[in-house]
Protein chains: 2
Amino acid sequence: MTIRHFNKVDQSEMSFFCKNRSTKESKCIIRRVSAKRQQAIADREAELLVIAEQLVATEGFANFTMDKLTNNSSYSKGTIYNHFNSKEDLISALCIKSLKKELCLFKHAATFAGNSREKCLAILYAYQKHAFEDPTLFMCVLSAKTPAVMEKSSPERLERQEELTKEVTQFCDGLFTDALEDGSLVLKPGAELNSLVFAMWAMSFGTNALMVSAGALDTISRLDNRLAQLDNANLLLDGMGWHPLSDQWNYRDTWGRIEQQLFTNNPAT
Amino acid sequence: MTIRHFNKVDQSEMSFFCKNRSTKESKCIIRRVSAKRQQAIADREAELLVIAEQLVATEGFANFTMDKLTNNSSYSKGTIYNHFNSKEDLISALCIKSLKKELCLFKHAATFAGNSREKCLAILYAYQKHAFEDPTLFMCVLSAKTPAVMEKSSPERLERQEELTKEVTQFCDGLFTDALEDGSLVLKPGAELNSLVFAMWAMSFGTNALMVSAGALDTISRLDNRLAQLDNANLLLDGMGWHPLSDQWNYRDTWGRIEQQLFTNNPAT
DNA sequence: CGTCAAATATGACGATTCGTCATTTTAACA
DNA sequence: TGTTAAAATGACGAATCGTCATATTTGACG
């Protein structure tokens with residue numbers, strides 16, 4: 001069960017290790033932690049997250065315990081609590097992992113060769129793909145917004161979450177700005193760019209959240225999973241007046257091309 | 001802290017009491033539980049939910065425990081576990097309470113005197129009002145969709161949740177059907193009524209969920225809370241082609257009238 | 001009104017799980 | 001190789017969960 005080997009992991013994402021262990025009377029000579037060790041810690045954190053994700057996926061959130069994580073990893077409880085100061089903090093970390101994956105997918109999606117509205121759809125395709133391929137991770141984003149988790153996870157991780165969320169929205173801002181510049185999107189009087197971005201975010205988040213978590217309801221299961229996000233987006237983007245409108249362009253075709261060109265054979269991970 | 005008195009509560013919502021205690025060798029004469037007692041049980045369940053909600057609101061989900069519920073009520077642990085077979089089951093019950101309140105508000109909203117699109121907005125207004133006035137309860141709906149809760153709450157409650165959700169969507173179906181009949185809404189070729197209802201659901205749910213749970217993010221906090229739901233809805237409904245379109249009608253005015261006529265002085269609860 | 005059996009309430013208890021901390025181990029640097 | 005700070009360990013106390021044997025209450029019936 002235990003995963004043996006991992007590629008090196010970006011250290012900048014490492015948790016703030018040892019934060020409460022600063023010696024009261026610190027010597028003037030502070031021994032710098034070696035890069036090698038730092039790397040080892042970052043790798044281990046990634047390893048722990050993978051194991052945690054597997055456990056959550058197979059046994060469910062409810063049955064996931066820190067003790068099980070301990071038993072399924074090669075580390076001790078104390079070590080694990082050096083990384084995550086509570087179970088909720090770990091959920092928060094999974095949420096961050098999810099956001100980072102999203103951002104990565106989004107950037108890949110933005111390379112789609114097409115008009116501005118098609119690029120927007122590419123992002124949404126990536127979002128949906130993420131939610132469906134990795135529902136555990138996607139649900140972590142949802143769970144992390146839950147008071148139960150927010151209240152007990154470390155301030156550092158909450159801040160990181162916020163940072164990443166902001167980064168995502170800024171990324172989307174860019175898409176809309178481009179569309180405004182090339183004239184395919186024109187702000188209606190009284191409308192703001194911000195509110196358009198928020199609308200798209202709310203719509204796509206709501207769509208994914210309902211599909212993943214309430215997919216069993218027959219109101220939803222009767223829909224075509226692969227097209228729900230596209231259909232919803234088309235309604236909204238038409239409403240914004242983002243050209244070409246859906247009756248002037250075959251976006252179903254676009255959807256297929258996005259899948260083929262960006263997300264087959266050569267997936268970005 | 002303990003609440004003393006409650007009005008009578010609909011018994012049909014009572015949890016399936018005593019379900020695992022059927023005597024192995026049941027006598028032929030099954031003594032019927034008196035209506036009075038049934039009522040008492042239903043009342044108590046409502047009372048417990050109110051206390052639980054207060055506790056969650058003041059101390060947060062994370063710090064809410066069944067022991068605290070026990071201490072803050074006049075009943076013992078065993079009695080409480082007769083109502084809710086786990087902490088998660090209780091969350092589920094709160095979710096059901098929330099859905100019932102929503103449905104009630106929606107029905108009240110549907111009495112708004114206006115065209116079909118205005119009625120739709122009235123529903124959304126009610127939805128937003130609920131989310132903002134009672135965020136704890138609204139978040140319960142979110143939490144209840146979380147695997148942690150789904151996995152541990154009783155099948156009966158999960159079923160009830162599903163039932164209520166279905167009832168809400170059918171209610172929305174009605175709105176759309178009316179609009180189709182009076183011609184203010186025309187299905188685009190290839191579109192289905194189902195997917196339009198789902199789109200509106202996803203949009204409004206996503207909007208509320210983000211506003212309530214991520215409201216601290218400055219991307220969101222810069223928006224006008226009271227109008228976000230309206231603005232998003234207008235974009236979407238314009239995209240559906242639901243007449244009168246937002247440039248042909250002053251829906252901001254409608255929004256104000258909804259508030260005044262339906263939700264001031266004489267609120268439905 | 002008194003009796004009795006079924007329904008319901010109680011809270012002590014065992015089992016988990018959480019998170020901590022005194023101690024041991026590791027590894028960087030001289 | 002020796003020294004010392006950082007990091008790992010796992011036993012432990014506290015808190016919570018959910019159960020169950022026992023006590024109490026209810027109300028149908030004589």
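Bear in mind the structure is a predicted one, so any value in this text is a computation, not a measurement. A, B, ... follow the sequence lines: proteins, then strands. Residue 1 opens every chain.
Residue side chain B/Lys87 does not reach the base of D/dG18 through any donor-acceptor N/O pair under 3.5 Å, judged by distance alone.
Between A/Phe138 and A/His130, the two ring planes are perpendicular [angle over 60°; tilted spans 30° to 60°].
Out of D/dG10, D/dA7, D/dT19, the shortest distance to the side chain of A/Ser76 is found at D/dG10.
An OP1 or OP2 oxygen of D/dA15 is reached within less than 4.0 angstrom by no side-chain nitrogen or oxygen of B/Lys68. Between A/Lys77 and the phosphate of C/dT17, there is no side-chain N or O to OP1/OP2 separation shorter than 4.0 Å. Regarding contacts with the backbone of D/dT9, a side-chain N or O of A/Thr79 is found under 4.0 angstrom from either OP1 or OP2.
Taking each heavy atom of B/Val212 and B/Ala131 in turn, the nearest pair found is CG2-O, 3.8 Å. Residues B/Asn225 and B/Gln128 share a closest heavy-atom pair of O-OE1, 3.5 Å.
Rounded to whole Å, the distance from CG on A/Asp67 to P on D/dT16 is 17 Å. Here D/dT9 presents its P atom at 10 Å from NE2 of A/His83, a figure rounded to the nearest Å. Between the CD atom of A/Gln39 and the C1' atom of C/dA28 there is a distance of 17 Å, given to the nearest Å. Rounded to whole Å, the distance from CD1 on B/Ile80 to C1' on C/dT8 is 14 Å. If you take CD of A/Glu88 and P of C/dG19, they are 6 Å apart, rounded to a whole angstrom. B/Tyr75 has its OH atom 15 Å from the P atom of D/dT25, to the nearest Å. When rounded to the nearest whole Å, the span between CE of B/Met66 and P of C/dT16 equals 19 Å. Residue B/Glu45 contributes atom CD, which lies 13 Å from atom P of C/dT8 at whole-angstrom precision.
Partner A/Ile91 forms a side-chain contact (heavy atoms from CB on, under 4.5 Å) with one of A/Val141, A/Val56, A/Ile96, A/Val149 and no other, that one being A/Val149.
Counted within 6.0 Å of NZ on B/Lys68, heavy atoms from surrounding residues, nucleotides or ligands total more than 12; the atom is thus considered enclosed.
Within the nucleic acid shown, B/Thr70 has no heavy atom closer than 4.0 Å to any nucleic acid atom.
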